[in-house]
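Numbers restart at 1 for each chain; the letters A, B, ... are given by sequence-line order, proteins then strands.
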Amino acid sequence: MDQAASAPQTISIRLPDGRTLAYDHPVTGADLAADLGPHWTRVALAVRVDGAMKDLLLPIEADATVSLVTADDPGAVELLRHDAAHVMAEAVQELYPGTQVTIGPAIENGFYYDFARTEPFTPEDLPRIEEKMREIVDRDEPIRREVWDRDAAILHFKSIGEHYKAEIIEDLPADEPISVYRQGEWLDLCRGPHLASTARLGKAFKLMKVAGAYWRGDSRNAQLQRIYGTAWASKKQLDAYLTMLEEAEKRDHRRLGREMNLFHLQEEAAGAVFWHPLGWTLYRTLQAYMRRRLEAEGYVEVNTPQLIDRTLWERSGHWEKFREHMFTAAAEEKILALKPMNCPGHVQIFRQGIKSYRDLPLRMAEFGCCHRNEPSGALHGLMRVRAFTQDDAHIFCTEDQITSETLAFCDLLQSIYRDLGFTEVVVKFSDRPAKRAGSDATWDKAEGALREATEAAGLETKLNPGEGAFYGPKLEFVLRDAIGRDWQLGTLQVDFVLPERLEANYVGEDGEKHRPVMLHRAILGSFERFIGVLIEHHAGRLPFWLAPLQVVVATITNQADAYAVQVLAALRAAGIRAETDLRNEKINFKVREHSLAKVPVLLVVGAREQEEGTVAIRRLGGKAQEVVALAEAIAKLTMESLGPSAT
RNA sequence: GCCGGAUUAGCUCAGCUGGUAGAGCGGCUGAUUUGUAAUCAGUAGGUCGGGGGUUCGAGUCCCUCAUCCGGCACCA
């Protein structure tokens, strides 16, 4: 307003195309857009000032590199989602007076807002809220940023009954400006940035679900009501996302597990799996593969008891740290616990006899069935169960061997993931937590060794600061599946503590007793969970070598029955998992049925094949058929059946 | 464990404000002998998740428990 009074100063704005515009007054992104032409006014959503996303209406008061953010900017959709959260909050407060707002960020694929309200929201409320949101978009309410005095802001929010907001302001760092966004009549504390008006949000959004969520993510706090939504720059993108969700639902392992007759779950054994013949075949095939890989890497396999007396768990520290997750059983005067982990058992085997440094590294593997009393709300199909079998192993080694053992492990793990069809692996490196055992020198050594090994293995790691186990640092291996979801499966943990507690030692070159280091490691994590991931990753279409039923021999008419039986015998003799389908049905029917059951290969035989001693190979999902001599087909399928890394 | 929703035939689901259960697929039986994603006809099948209550009467309303689903917390 008093621009004339301020000293004439030139502000130069550098644009992405290299042009520089000079202004003698503070300029906003909106001004800039107007100067660039009407097209820009229409498409500009926000500005980047020296890389940082800002409001279109924020005055730029110093020289800067500025670009206008349009819908195709990767940051734009985040802005949009954040706005969607605010528009939803306005809608909710308009519809349900007395509801308090708390926080409402943009998240991957969408947004949410947490509300405090006595009455619960129900799914029926969502269409109503959505309707109101569209109304707010149509109102084209301007969104304006204001900076308030901290105490005034606290007072204001308290006076209108927004106690959570007041609490947020009280906890903000003292130097943080308190920015408030006015959106029409509505007002919210927010860091921003935001679009210039609600109309900019568009209508490519949808409210998805209601859920409970704890204030500040702490289960001791009040539970708020969260509404999740998704928002996109265009209707087309929204539809694509919704279609993707439908696809994900179709590959849900619980659904496919039933459709493919692999396993079931039932309430009398919540969190435990009933494996059906086909599912168990898949399980055993995977296990045989793992066993082969481990043996080739110099692991020895052991088996340790399910029920172990509490005194051992007291010594290992589990009784103190893990008690509430352990199932117990009474026997006469004793209390036994079902093992939640295999490590203490493995130390018992290590302790038998005297170990020499020459025995190290000792790689002790067990397909150990563990039980953990997971909270009921955590159970989820095969992914989160109470009874599971780990592909567990403990490597007893010297400190000097940590690097080479880790390196070898990383190589093995990557090779196995590749074999199983996963190519994207992210490694998280969790270093020392605040509460920890062992000296800083020991931690330096352990972290250094791990880091060195991951570098040698050519793995990029993402630091997870302070997230290590109390006994040592760990690596976590996260797989990305076919539709972009992440699964944390493998792990490697360095442990200096358990060998100490359970008194494991070996005799060194010097003739003295030493403590070995234990590396806890798993690749699949658990068979249950991994099979769940495998099913979803492949959408049930497992690779030939893993498919529980690999081949169905289907007849055209029952004239070919005898020949089909002969083909079956030949397949089985070659070790291929096969069945016949001699039913009196049309071949169309059989093809459809076995395709839906995801059988990878269908061998169709009719009068012609019988006469010529051939089979017609039909691959799952393919249209083409290949007619070859029976012997040739068997040879081909036998090769495929061997699986990767078989030689 | 917490919040919300759900639980009806083997599966997917319908069943309005209370009046003693329905469809499609699948199963079974029969006919059909068929060349690459559903041949036709007939037929059986349910203590409506368990328990309690309200009512002349409950799949439907209320209470309670269990399990499942979606989140949250948890995942040493």
Side-chain angles (χ1 to χ4, degrees), chain A residues 112 114-115 117 119-126 208-228 249 252 254-255 258-259 261 264-271 316-326 340-341 343 372-381 383-386 388 433 435 467-471 474 476 488 491 493 495 497-498 520 525-526 529 554-561 582-597 602-609 616-627:
Chain A
Y112 68 78
D114 285 347
F115 300 100
R117 175 175 180 242
E119 280 282 292
F121 290 112
T122 68
E124 290 75 58
D125 293 324
L126 298 186
M208 305 297 283
K209 51 201 171 198
V210 292
Y214 298 106
W215 168 237
R216 299 202 150 149
D218 189 329
S219 60
R220 288 167 303 190
N221 290 340
Q223 192 157 36
L224 307 170
Q225 296 186 63
R226 177 172 298 179
I227 301 179
Y228 281 97
E249 206 179 310
D252 188 312
R254 291 166 300 188
R255 173 184 175 142
R258 189 180 53 241
E259 287 174 2
N261 196 12
H264 84 268
L265 302 155
Q266 68 183 53
E267 63 179 86
E268 291 87 343
S316 71
H318 288 84
W319 199 256
E320 186 204 342
K321 291 246 163 212
F322 210 65
R323 173 76 188 88
E324 62 187 41
H325 295 286
M326 290 165 72
M341 296 178 207
C343 20
R372 293 182 193 174
N373 195 357
E374 300 288 353
S376 55
L379 301 180
H380 179 89
M383 302 302 192
R384 192 81 181 269
V385 286
R386 287 183 176 144
F388 54 93
K435 277 175 76 178
E467 290 294 311
F470 74 93
Y471 48 73
K474 63 183 178 187
E476 283 164 347
Q488 188 182 306
T491 180
Q493 304 170 15
D495 182 3
V497 173
L498 199 62
H520 304 243
S526 86
R529 189 169 151 81
T555 51
I556 303 281
T557 72
N558 56 23
Q559 287 169 350
D561 283 4
L582 307 182
R583 290 174 304 172
N584 177 10
E585 297 287 354
K586 292 170 92 165
I587 193 63
N588 284 309
F589 181 88
K590 296 184 184 182
V591 166
R592 176 179 157 82
E593 195 157 276
H594 300 300
S595 297
L596 289 174
L602 205 58
L603 295 185
V604 177
V605 296
R608 282 208 301 271
E609 286 76 11
I617 304 176
R618 187 193 207 277
R619 306 262 175 186
L620 177 58
K623 268 262 171 240
Q625 334 159 22
E626 189 187 0
V627 180

Do the side-chain N or O atoms of [X] get closer than 4.0 angstrom to the phosphate oxygens (OP1, OP2) of [N]?
X      : N     : value
A:H380 : B:G70 : yes
A:K586 : B:A37 : no
A:R216 : B:C72 : no

Ring geometry between A:F322 and A:H318 (parallel below 30°, tilted from 30 to 60°, perpendicular above 60°):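 Geometry flag for A:F322 against A:H318: perpendicular rings.
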Which nucleotide sits closest to the side chain of [X]: [options]?
X      : options             : result
A:R226 : B:C68, B:U36, B:C72 : B:C72
A:A270 : B:G35, B:U33, B:C68 : B:C68
A:K209 : B:C75, B:G71, B:U36 : B:G71
A:R254 : B:A37, B:U67, B:C69 : B:C69

Donor-acceptor pair, side chain of A:R386 and main chain of A:E374, under 3.5 angstrom: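 Side chain of A:R386 to backbone of A:E374: a pair is present.
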According to the Watson-Crick and G-U wobble definitions, with both distances under 3.5 Å, which nucleotide is paired to [N]?
N     : result
B:G18 : none
B:G46 : none
B:G24 : B:C11
B:C75 : none
B:C68 : B:G5
B:C40 : B:G30

Distance-only donor-acceptor test, A:N558 side-chain atoms vs B:U33 base atoms, 3.5 Å: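 Counting by modelled atom types and ignoring angles, a donor-acceptor contact under 3.5 Å is found here.
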Going by salt bridge (Lys or Arg N to Asp or Glu O under 4.0 Å), name the residues that satisfy it together with [X], two or more places apart in sequence or in a different chain.
X      : value
A:E467 : none
A:R583 : A:D581, A:E593
A:R608 : none

Need one value for [X]: base, sugar-phosphate or nothing, where a base atom within 4.0 Å counts as base even if backbone is also close, heavy atoms only.
X      : result
A:I556 : base
A:A554 : nothing
A:E324 : nothing
A:K590 : nothing
A:Y228 : sugar-phosphate
A:F322 : base

If I pick the [atom1] atom on [M] and the same atom on [N], what distance separates them, to the nearest angstrom?
N     : M     : atom1 : value
B:G15 : B:G22 : P     : 15 Å
B:G51 : B:C11 : C1'   : 28 Å
B:C40 : B:C69 : P     : 36 Å

Interatomic distance, A:R384 CZ vs B:A73 C1' [rounded to whole Å]: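 The distance from CZ of A:R384 to C1' of B:A73 comes to 10 Å, rounded to the nearest Å.
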Euclidean distance, atom CD of residue A:E267 to atom P of B:G51 [Å, nearest integer]: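 Rounding to the nearest Å, CD of A:E267 and P of B:G51 are 13 Å apart.
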Closest non-hydrogen atom pair, A:T555 against A:I587: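 So the two residues come closest at O-CD1, 4.0 Å.
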Nearest-nucleotide 5' precedence on RNA chain B, A:A469 against A:D252: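 Its nucleotide being nearer the 5' end, the pick is A:D252.
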Toward the 5' end of RNA chain B, by each residue's nearest nucleotide, A:V627 or A:R592: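 Going by which nucleotide is closer to the 5' end, it is A:V627.
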Nucleotide-resolved protein contact map, nucleotides 1-11 of chain B, B/S/- at heavy-atom distance under 4.0 Å: BBBSS-----S
Pairing residues for A:H520 by the side-chain hydrogen bond (donor to acceptor under 3.5 Å, both in side chains) criterion, not counting sequence neighbours: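 Applying side-chain hydrogen bond (donor to acceptor under 3.5 Å, both in side chains) to A:H520 gives A:H394, A:D495.
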Qualifying residues under side-chain hydrogen bond (donor to acceptor under 3.5 Å, both in side chains), relative to A:Q625, sequence neighbours excluded: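 Residues passing side-chain hydrogen bond (donor to acceptor under 3.5 Å, both in side chains) with A:Q625: none at all.
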